[in-house]
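Quick notes on the structure that follows.
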Amino acid sequence: MKFLRLAVKSFRGIAEAHIDFAPGLNVLFGPNEAGKSTLAEALRAVLLCRAGSSASESYLPAIGAGAPEVSLTFADVGGTWLRIDKTFGERPSTSLERSANQGQTFVREATGDGAETELRKRLRWGLRPPGGRGGARGVESTFLTRTLLAEQTEVDAIFKEGLEPESTEQLSFVQEALAAAMDNPRFKDALKLANQRCDLYFTSRGGKTRGANSPWTRARDQLNEAQTDLNAAQKVAEEIAALERSLVLAQDEASAARRALDAARAERNLLEQKLQSARHRELLVSEVEAARRNLGDAVARQLAVEALRIRVDEFARALETKTAELEAAMTARQIAQHRREEAQAQLQRVEALEGKAVRELELTRIESQLVALGHEREGLNRKMTDAESLARDERGLCDLRERIDGKKSALATAKELETKMSKQIAELEAQRTAALVLEADRRLQTATDRAARAAAEVQAAQAAAEQAEAKGLVEEQLRNHELTYGNLDTAQVERVRRLHHELDKHRSAAAAGLSVAIERLQALELGTRVDDETGDEHPPSTGRLQVDARRRIQLDLQGLAKLEITAGSPEIRAELSRAEVAWARDGQPLLDHHGVRSVEALEHRLRDRMEAHQQLNDVRRERSELIERAQRLAEVREALTQAQLEAKEAEAARCALPARAEATATVSVRELDHQLTKLRASAKDAESGRIASGATLRQLEESEREKAARITEQQRAIGEPGLELVTRSRARLDAIEDEAKALQQQRNVLEERRVEALRAAQEAVASAKETQETADGRGLGLEEDRREIEKELEMTRGRLMSEEAHLTALDIEGRRARFAEVQATLDAHPPISFEPGSVEAADARIQEAESRVEESKGKIIKLEGRMASGEGGLAQERLEEARAAYEVAETNYKATEIDGEASKLLVEAMKEAETSSTRHVGAAIGGKVETRFAELTRNRYRGLSVDQALVAQNVQLGEAVLRPEQLSVGTRHQLAILLRLILAEQLGHPIVLDDQLVQSDPERLAWFRELLVESATKTQVLVLSCRPDDYRGPAGPDCAHLVDVSARVKLNQEHGSRDASAAHKELTG
Amino acid sequence: MNPSGGDDVLKILHTSDWHLGLGFRKYRPAERERLRDARFSAVDSVLGMARQHAVHAVLVAGDVFDDEKPSESLWRKLVRQLERANLACPFVFLPGNHDPLMEGSIWERSHPFRAALPGWVHVVDHDDFRLDLPEGATVFSRPTRSRKSSCDPVQALPVRAPGDETIRIGLAHGQTVQIGDQAANHPIDLSTAAEQSFDYLALGDTHRFRNLAAVNQSPIVYSGTPEQTKKDEDGAGYVALVHIRRRSRRVNVTKMEVKCLRWRSETVSSLEALRALLAEDLGQTVLDLTVEGQFDPQAYQEVEHLLRDLRGDEYAPGQAAAVSVVACHRLDDTDIEVLLAEAPDELRNVARLLREKRVDPSVDEAVVDRALTQLFDIARRVQQ
């Protein structure tokens, strides 16, 4: 950018001025007040101040009129000619024009704010846009305006404020301007490479790249694939794991079920053991029974032996008795025989005394005939006797046989009897068992009943306790009631009632007095009225009375109200008031105390209270009863426990017996036992009797056999059967008998006589014989009896001996000891109690556990089947494989990510480095400034640092580091000008130095002059100075475009002409 | 060479766990292919060894494929290999827990794979499988029908009948040990297995070669996989060559190497070590490399270059068959500004700015490292 021409009119002290600028170094010289600084101000005004700004007021000329006008023609960076015209003052205006023909003609481009905006756009100095809130006001000041157009006094203003960071326009302008100086091609290449790498991973928007060539795609595809595989494998593994878990659960269930089964079995075994113990106990009981039976048998045997001994003794005594009787009978027989012999001798004597001759002849003949017949008869009789003896023997045999038969039948009967007795014994035993069962049942029932009664009592006692508790509550209520009304008693109520009664009575009396008075009054009034009506019907006395009465009435009427209150006469009233006082003192407070209004209510309350008291007493009594009953709970419970124990024992005893009684036994066990013992003894007797009968029978049979053999032998000896011979012989006998009968008749006659004689003797003989026979019979019977007794005695003795021997073998003491032993064993095995149905319950539990075990097994088999048919054992392998693949893919993806992120990070870092390099444009420029400054100061100062805001920070003086403000003014100004110049060079914008090197010594000024010339080759430099010689150095004035301001500027008359001319003289002279 | 000598010896080649089609998803696609191909190469080696040793039977004890439903291209490739090999001896495939015989599995008789297999290839596809070998020996096996099971696959095989003096060979797939707290899959009880009285029990599942039999007991052998499937599978890459004397039934087991690839895990912490490692021929190596330590920018850059060369890219294959790198190395940037002495001031400023970022908690140090490395790289390029 170059300034080309400046035209100023009516601007402060300048009336008019026209300056043309050269491209390089322009030295505008003139004396003081020639208008140099005003020209500089005009430049600032046209470029930096808005036409309508209030600040423009300072531009108004002090003398004369007219609005200040400034016009600047300049060429922009592109070489375009532009002209900005501004009129300040009342009618401000701005216009921007452009020339396409090097300033020959201009075309307006914009006016007003538009022109301002356009101008700012072209300058890029960071000026704020015109107008609006926050818009530019007055002369704008930015870092660049301070650099390029600094006022005379602001040489080092750039040290105070650097680049405004918010002004991006200014910043980018500076950055662009300095970029070229800073650009490093190798870094650019590196950045390009880094970007290329980053572009592989990320799009320009920062997203991840896509498509087949993207490293993300490959890594992601691999990862996705691995993920899918892994998910599938995991799913399968989870399913398998779930299956395995289920399996473990099922196995746990199975083992739990097995444990339960074992427990149930153990319980069952325990019960079984109990059962066995119970059975063992039953066995023990039966053993005890057996031992008892054995002992009982032995004892019975002993008793039987005792009985036998007694019988033996009895038999012995009977034998003695019989022997004595027999001896007596023998004595009697001997006496009888002696008498018979005497009678026979008497008979013989009688027979000898009968008529001997006749009878003897006749008798001789008859006797001889009879003898003959008698011989024949004797022969026959012998034969017959033999036959009869044979027949008798035969009959004896028959009898014997009959006896044998009888004995046999008796034996059969005995056997039958025995059988019957056995049956009876069996029956009796059955009855005994039944009786035992029944007794046990009865005991059990009794015990159960007792237990039930005890339980009921317990319940009752508990209920009583509860009731007692309830009663306690009631009692509490009643006691409260009692507490509330406890002080209310009959005497109090009676007193109150009396008081009230008194009060009532006195009130009534008062009221009665009042009513009497009223009646009287009424009566008197009536009387008066009657008197009035009847006139003279009443005597005058009546009239006085009437008057008195009236007076009284009057009095009464007057005291009516009083009467009503005080009720009657003073006495009555006194009474009443006493009653009222008494009532108020004793009656009413009691009513109040009990919160009642009337005596009736109080009475009622008293009744209530009495009732409540009565109830309380009742409740207390009931409660104490109940408590007593409840207190009995413990003992009742104990009774219950006892009863339950007994019931259990009874039950156990019952359990040991058959389930049901087969028969109803009505007889007691003891009786039955007695009967049984008796019956058994009888049975034993019967048996021994039978055995004896059997022996007898065998003897009889033996004798029968002998007898039969003898008969057979006799028959053989007789030769013919005896009966036939007997029959024949009888026939002959009958004939002989007939003959003998005749003889006999003769003989009979004789005989009759003899018989008559004989009868007496015979009778005596017969009598003696009878006596003797009786004696004999008796002796025989006695003998028989004695033999029988002897036999019985012998037999009984034998039995006794055998029984005694048997008894000794039975070892009663051993049996007793055995019984005691088994009884002790039984006692050592207490009855075992069973919960009813416990065995069934245990069996049910076993069944349930077994079914659970089976169920679990089924489940396990099913799960194992599922595992076997699925991935099963491979799931874990597959999962591990998939996991490894996933890890690899993940690692790859991670590597891709790291690569991508790294490339991004690298690019970011490179950009950051690039940016920080740009910000340090100051540092970059610092180098140039530093070099020049060292030159200027002959290396006195080095190491200048300029920050990113282009503010010089430090400079090294030897080892010391100084801030710019610590430098001397001249050096500081020189450093500022150096920095500004170099910046202007870089920006290519003109720089105005308004006499700002005044502080420099000639040497440094000379150095600066050369620098200015050099800088002017790069940008336009406008120096305003009152000492133009300062800038006429070895390079010569050719190097600089000298402009005499005095010649170009027409100042306002009074003000500037004198000065200007004087100055001109100075300069030219 | 026949270690038992004589001609009365039964020769069996026992292998397992081919895992054809294994994913190798940890590696990049090209490396995956390489690793998968290597498994087929190992199968070729197995087949070549069978032919070379003129074995009487080849037993593959499960997990031929990594999945029971491999792709058609995969199984066709195997079929072609088998056809090429054209073994004269019986060849037995046992389904394993990776490729169990289940619905839709490749081992089903209706599967085209079965039809395509040569006639001498047998598949254990029924529970009472037995194969009489021509020399009077019998192979007993039972297919694996599930991925997971708690049934002992050996226990299911028939025991030796009294008086049976023939050579009995068991073929099964399962685990003999419990791993961690997980119950063994297809568990094999060794004591029961010994009671089964097999002259040789060929097992599959474990990838390492192992003989589990006690002293004086018939061998119970895991041949392991012929080609390692992952790192830390030392002892993999073999087959078992089994010689059984016919009369005495004495067994001799020889471990034969067939693997093509070497799996290596290396940790380097110096540039020299890395250079030395990469100077080796790593063409058949699956390298698991960890780089740690601090490198100055120059060395760091070289490390990065070397690693890049090692890995390769889509245009140039890497140096190793497959590689996985864990880069834990760091940049030592102490002298970076000295190293950038020749660089423009701005780049030094950038280095300074980047180093300042190290104290910024929002910036990952690895990112700073990488950015500095990139800066260093760019500075060098700019200088050139």
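Below, read A as the first sequence line, B as the second, and so on, with proteins coming before strands; counting in each chain starts at 1.
Only the side chain of A/E881 comes within contact range of chain B, with heavy atoms under 4.5 Å apart. In this structure, no portion of A/A889 lies under 4.5 Å from any heavy atom of chain B. For a residue to count as touching a neighbouring chain, one of its non-hydrogen atoms must lie under 4.5 Å from one of that chain's; by this rule A/R197 touches chain B with the side chain only. Neither the backbone nor the side chain of B/V326 comes within contact range of chain A; no heavy atom of the residue lies under 4.5 Å from a heavy atom of that chain. If you measure heavy-atom distances from B/T373 to chain A, you find no contacts under 4.5 Å at all. When heavy atoms are compared at a cutoff of 4.5 Å, B/I378 approaches chain A by way of both its backbone and its side chain. Neither the backbone nor the side chain of A/K192 comes within contact range of chain B; no heavy atom of the residue lies under 4.5 Å from a heavy atom of that chain.
To the nearest 0.5 Å, atoms CD (A/E880) and NZ (B/K230) are separated by 6.0 Å. Once rounded to the nearest 0.5 Å, the distance linking CZ of A/R878 with CG of B/D66 reads 4.5 Å. For the atom pair A/D899 CG and B/Q374 CD, the distance stands at 5.5 Å (nearest 0.5 Å). In this structure, B/E356 CD and A/E912 CD are separated by 8.0 Å, a value rounded to the nearest 0.5 Å. Here the CD1 atom belonging to A/I240 is positioned 9.5 Å from the CZ atom belonging to B/R147, to the nearest 0.5 angstrom.
Ranked by heavy-atom pairs under 4.5 Å with chain B, the list A/A902, A/A885, A/A882 is led by A/A902.
Shortest non-hydrogen contact noted between B/R25 and A/D229 is CD-OD2, 3.0 Å. Here the closest non-hydrogen pair linking A/A913 and B/V350 is CB-CG2, 3.5 Å. When all heavy atoms of A/M910 and B/L347 are compared, the pair lying nearest together is CE-CD2, 3.5 Å. Contact detail for B/R32 and A/E225: the closest heavy-atom pair is NH1-OE2, 3.5 Å. Across every non-hydrogen atom of B/A371 and A/L905, the tightest pair is CB-CD2, 4.0 Å.
Within 6.0 Å of atom CZ in B/R352, more than 12 heavy atoms from other residues, nucleotides or ligands are found, so the atom counts as buried in its surroundings.
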Tell me, with the steps shown, if B/V382 and A/L193 meet side-chain contact (heavy atoms from CB on, under 4.5 Å).
-> CA-CA 9 Å; B/V382 169; A/L193 284 171; 4.0 Å; yes
For the pair B/K148 and A/E244, evaluate side-chain contact (heavy atoms from CB on, under 4.5 Å) and give the outcome as yes or no after the intermediate values.
-> CA-CA 12 Å; B/K148 191 171 173 70; A/E244 278 174 346; 4.1 Å; yes
